Amino acid sequence: MAEFLELFTYPFVIRAILAGCLLSICAAVLGVILVLKHYSLIGHGLSEIGFAALSISAAFGLSPVIISTPAIILASFVILFVSQKYKVAGDTAIAIASSSALALGVLVTSMTGTNSNAYTWLFGSVLALNDLDVILAVILSLTVIITFTIFYNRLFLISYNEEYAKSLGIKTGIYHFVISIMTALVVVSGMRIMGTLLISSIIILPAVSARNISHGFFKLVINSAIISFACFVTGLLSSFVFNISTGACIVLINALVLMIIKLLKLRGN
Amino acid sequence: MTERLILKNLCVKYGNLKILEDVNLTVNSGEVVFITGQNGTGKTTLMKTIAGLINRSSGDIFCTPKISYVPQNEDSNLDFPAKVKEIILTGTQRPRKLFYTRSDKKAAMKSMQTLRISNLANRELKTLSGGQLKRVFLARALCGDPELLLLDEPCAGLDAESHEFLYEVLRKIRDTGTAIIIVTHAESDLDEIKPAKVINISHGRIS
């Protein structure tokens with residue numbers, strides 16, 4: 001127990017808890033919208049584009065944040081635009097963009113000898129978090145949570161029925177951009193902790209778990225945030241105790257919770 | 001009487017295919033207009049064009065901004081995890097309004113009482129019957145206090161009692177000055193409410 005409590009005396013643990021808890025909450029509430037709108041793949045696509053941006057910024061000795069943030073926001077616009085404009089090609093566009101970006105990232109890291117960084121970028125590392133990362137994650141997460149709160153009623157309406165929203169005179173295109181910017185911000189703020197390959201899991205899994213136990217949209221959002229927060233803290237602390245990868249641990253605990261909820265639901269039925 | 005809708009030479013095309021051609025129509029406050037016609041003649045396209053969901057190819061639409069449209073089917077969203085009261089409140093949303101007010105919540109409660117569905121407020125859509133869903137969607141349309149109400153086959157699939165109740169509600173709404181356009185196939189609907197006009201659409205034209 002004493003050893004466990006000693007964890008909280010390390011600055012990197014405090015940094016990870018501070019940045020990660022906010023990140024897990026905002027990823028989970030955003031995930032509700034993405035799951036209901038069948039945009040689940042977008043988070044995954046954007047994170048792989050983030051990997052390419054990180055590789056390129058490292059190759060040119062530039063700040064990863066300064067390069068990856070606008071690159072991911074721009075990519076999110078392009079993916080959503082293509083998804084809207086050419087409905088059939090939406091998931092195909094994401095697959096093409098993400099696999100190409102991943103390949104570009106691998107190529108750049110291998111050509112510039114930054115392979116050692118690649119593992120950290122792909123799978124995340126709480127040890128790599130510095131004060132600037134934490135400040136950035138907190139600011140971006142709070143931006144997402146505030147934006148979600150302000151546009152809650154609109155996001156509900158757009159997720160429920162876009163045609164109906166249009167009949168009320170709502171310009172639905174604006175809210176697609178709001179969703180894409182929020183997704184981009186979550187991916188940027190979560191890449192350092194979770195890694196580019198695992199960040200999309202904490203967007204999607206809590207929302208899917210919560211959907212199985214929630215009655216009504218508001219409760220779905222709240223339950224998604226609670227599940228995500230609980231899984232993040234459990235996963236983070238377990239990874240420290242058992243000395244295993246933090247991102248992977250958080251994702252597996254989220255997956256385990258989903259499996260348990262599904263099994264209990266099946267048993268209940 | 002105030003004009004709530006004026007259509008002048010309205011045309012709608014999908015590519016080269018003409019769906020609606022030279023449709024002219026005026027609907028005043030407190031009027032009920034029936035739109036009839038065979039399947040595929042453009043009735044739903046007309047309703048969606050008035051509601052702003054389909055762009056017109058030519059012609060003019062002058063319409064009150066306080067308009068509510070209840071489509072024939074909204075089946076694709078029935079799995080959406082929302083309570084009836086959450087869905088009905090959306091009827092008060094407007095382009096420059098992000099938050100619900102206390103009066104919006106009162107309007108939602110009132111419209112649920114009008115449609116006698118207050119007991120369904122905490123139920124999810126997927127748990128409702130077809131008749132209950134019709135009432136929910138009409139309640140949603142009413143809580144926005146519309147000046148023009150567009151109903152696409154509101155009685156399809158309803159039993160006789162629900163059909164009669166629905167027209168009882170529509171007569172009350174009409175008497176408050178709301179203009180109502182109803183797409184229907186049932187001639188019996190003419191006995192339920194006296195329309196100011198009955199318009200038959202054939203091959204995209206008013207015949």
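No hydrogens, no waters, no symmetry mates; every other heavy atom, side chains included, goes into these values. Bear in mind the structure is a predicted one, so any value in this text is a computation, not a measurement. Here is the naming used below: chain letters follow the sequence lines, and residue numbers restart at 1 for every chain.
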Which atoms of [X] are under 4.5 Å from chain B, going by heavy atoms: the side chain, the backbone, both sets, or neither?
X: A:K219; result: side chain
X: A:L36; result: side chain
X: A:T149; result: backbone
X: A:S214; result: backbone
X: A:F218; result: both

query = For the side-chain contact (heavy atoms from CB on, under 4.5 Å) test, which of A:L220, A:V32, A:N212 pairs with B:P81?
reply = A:L220
Can you say whether [X] sits under 4.5 Å from chain A via the side chain, the backbone, both, or neither, judging by heavy atoms?
X: B:L150; value: neither
X: B:K85; value: neither
X: B:L98; value: both
X: B:K126; value: neither

Exceeds 12 heavy-atom contacts within 6.0 angstrom, atom [atom1] of [X]:
X: B:E164; atom1: CD; result: no
X: B:K66; atom1: NZ; result: yes
X: B:K13; atom1: NZ; result: no

Grab the two heavy atoms, one from [X] and one from [Y], that are nearest each other, plus how far apart they are.
X: B:Q93; Y: A:L157; result: OE1-CD2, 3.4 Å
X: B:P95; Y: A:G169; result: CG-O, 3.3 Å
X: B:E124; Y: A:H215; result: OE2-CA, 3.3 Å

inquiry  = Between B:E86 (side chain only) and A:F217 (backbone N and O only), is there a donor and an acceptor less than 3.5 Å apart?
reply    = yes
Report the distance from atom [atom1] of [X] to atom [atom2] of [Y], rounding to the nearest 0.5 Å.
X: A:I150; Y: B:F99; atom1: CD1; atom2: CZ; answer: 6.0 Å
X: B:I54; Y: A:E163; atom1: CD1; atom2: CD; answer: 7.5 Å
X: B:K97; Y: A:L168; atom1: NZ; atom2: CG; answer: 10.5 Å

request  = Please check if the distance between the ring centroids of A:F156 and B:F80 is under 6.0 Å.
outcome  = yes
inquiry  = Would B:I87 and A:Y164 count as a side-chain contact (heavy atoms from CB on, under 4.5 Å) here? Give the steps.
reply    = CA-CA 11 Å; B:I87 295 293; A:Y164 167 56; over 6 Å; no
